[in-house]
Amino acid sequence: MPELPEVETIARGLHKRVAGDRIESVWIGNKREPLKSPAAKIAATLEGARVDQVRRVGKHIVFDLSARKGASQWIVHLGMTGRMLVAAPETETASHTHLVARLESGRELRFVDPRRFGRLEVQSAGFTGPGTEPLQVSLEDFVQLFKGRNAPIKGALLNQKLLHGVGNIYADESLFRAGIRPRRRASSLTRQESARLHSALQEVLKEAIAAGGSSVSDYVDAEGEEGFFQLQHCAYGRAGEPCLVCKTPIKKIVVAGRGTHYCPKCQK
DNA sequence: ATACCGACCTGTCAGC
DNA sequence: TGCTGACAGGTCGGTA
């Protein structure tokens, strides 16, 4: 579900609501839970810890924690359908709730994930994510990332070891804005095209963050609110509809195993 | 080293 | 109404 703008929105909301709060106790479901660290270790790390900060790294939510034993981090990846919600304890627990952290303030932090593609882990400190931050990468570094890559540019944008945080929606939207076909080999982009893609990507991500992310089917932020960037999508989810620039019907194909939307006339 | 493709899960929706 | 299959915002591991 969530890509960079959605995770950014969620992390900001969580920071606003739980920073400074303390985790009193943790409940973890016991059947095939989406854990990268052992459940006992997660519980031991979270219980008693204070949440200093909640922030985004790539598509991960990072909780910076401090406790008597020292600093640690709780790292959450929401996968396709994960949600991290702040709820009053009397609120009914959604099905597919895998973790509940009870806070000193009386509220609960709940991790819900029907498809269980999400991942939870804890570590001592220093999580940096797999790749480079798309909002911070310079044009020079951006060009360097794609140099010599034979993969389609869309696949390269989705590769988290290169840039982390870009997913299917924002890959399609930024390629549309840059006027580049998703199947073009990454190495075939001219300097000018790379520059267009670099700024298109950063613009799209910033606009999406300003809109609170894209709610296509069920994304909601930490407050349970939907985003509204889906109203500004030009390519993603618009197969068969007229291009907003030239009226040519948007095409849908499969690239790098993912549904891919583009304008056959505007994108070269 | 790089790229592709199926697997991992559940829910939803279109078509029969 | 109910079944089947395709598809969904993501990643991983095996294979070529």
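Convention: sequence-line order gives letters A, B, ...; per-chain numbering from 1. Fair warning: this is a prediction, and the values are worked out from it, not measured in the lab.
- Between Lys59(A) and dT11(C), a side-chain N or O to OP1/OP2 separation shorter than 4.0 Å is present.
- Look at CZ on Arg258(A): it is 8 Å from P on dT11(C), rounded to the nearest Å.
- Comparing dC12(C), dT11(C), dG11(B) against the side chain of Lys36(A) picks out dC12(C) as the nearest.
- Ionic pairing of Arg12(A) and Glu8(A) is present here: one or more N-O contacts between side-chain nitrogen and carboxylate oxygen are shorter than 4.0 angstrom.
- Between Lys161(A) and Arg115(A), the residue anchored closer to the 5' end of DNA chain C is Arg115(A), taking for each the nucleotide with the nearest heavy atom.
- Counting heavy atoms from C-beta on, the side chains of Arg56(A) and Leu4(A) come closer than 4.5 Å.
- Contact check for Val26(A) versus Leu99(A): side-chain heavy atoms found under the 4.5 Å cut-off.
- Here dG10(C) presents its P atom at 12 Å from CG of Leu157(A), a figure rounded to the nearest Å.
- With respect to Glu24(A) and Arg102(A), no salt bridge is recorded, no charged nitrogen being found less than 4.0 Å from a carboxylate O.
- Ion pairing of Glu121(A) with Lys41(A) is absent here, as no side-chain N (NZ or NE/NH1/NH2) approaches a carboxylate O to less than 4.0 Å.
- Arg55(A) has a carboxylate O that lies under 4.0 Å from a charged side-chain N of Asp64(A), or vice versa, which qualifies the two as a salt bridge.
- The phosphate of dG10(C) has neither OP1 nor OP2 within less than 4.0 Å of any side-chain N or O from Gln160(A).
- Of all nucleotides listed (dG10(C), dT10(B), dA8(C)), dA8(C) comes nearest to the side chain of Lys252(A).
- At dG10(C), none of the side-chain N or O atoms of His77(A) fall inside 4.0 Å of OP1 or OP2 (strictly under the cut-off).
- A salt bridge does not link Arg107(A) with Glu90(A): none of the charged nitrogens is closer than 4.0 Å to a carboxylate oxygen.
- Side-chain heavy atoms closer than 4.5 Å link hydrophobic residues (I, L, V, M, F, W, Y) into clusters, and following such links, even through other members, never connects Val18(A) to Ile75(A).
- Per the geometry, CZ belonging to Arg119(A) stands 17 Å off P belonging to dA7(B), to the nearest Å.
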Protein N or O to nucleotides 3-6 of chain B N or O, pairs below 3.5 Å:
from   : atom 1 : to        : atom 2 : distance (Å)
dA3(B) : OP1    : Asn150(A) : N      : 2.8
dA3(B) : OP1    : Ala151(A) : N      : 2.8
dA3(B) : OP2    : Arg149(A) : NH1    : 3.0

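- Ser95(A) comes within contact range of no nucleotide atom at all, as no heavy-atom separation falls under 4.0 Å.
- With rounding to whole Å, Lys147(A) atom NZ is found 15 Å from dT2(B) atom P.
- A salt bridge is absent between Asp113(A) and Arg115(A); no separation between the charged side-chain nitrogens and carboxylate oxygens falls under 4.0 Å.
- Using modelled atom types, no side-chain atom of Lys154(A) and backbone atom of Ala151(A) make a donor-acceptor pair closer than 3.5 Å.
- In this structure, Phe117(A) counts as stacked on the base of dC8(B) under the 5.5 Å centre distance and 30° plane angle limits.
- In DNA chain C, runs of at least 3 stacked Watson-Crick or G-U pairs (N1-N3 plus N6-O4 or O6-N4, or N1-O2 plus O6-N3, all under 3.5 Å) give these stems: B:2-8 with C:10-16, B:10-16 with C:2-8.
- For Tyr170(A) and dG9(C), the shortest distance from a side-chain N or O to OP1 or OP2 is not below 4.0 Å.
- OP1 or OP2 of dG11(B) has at least one side-chain nitrogen or oxygen of His96(A) nearer than 4.0 Å.
- If you measure from atom CZ of Phe146(A) to atom C1' of dT2(B), you get 15 Å, rounded to the nearest angstrom.
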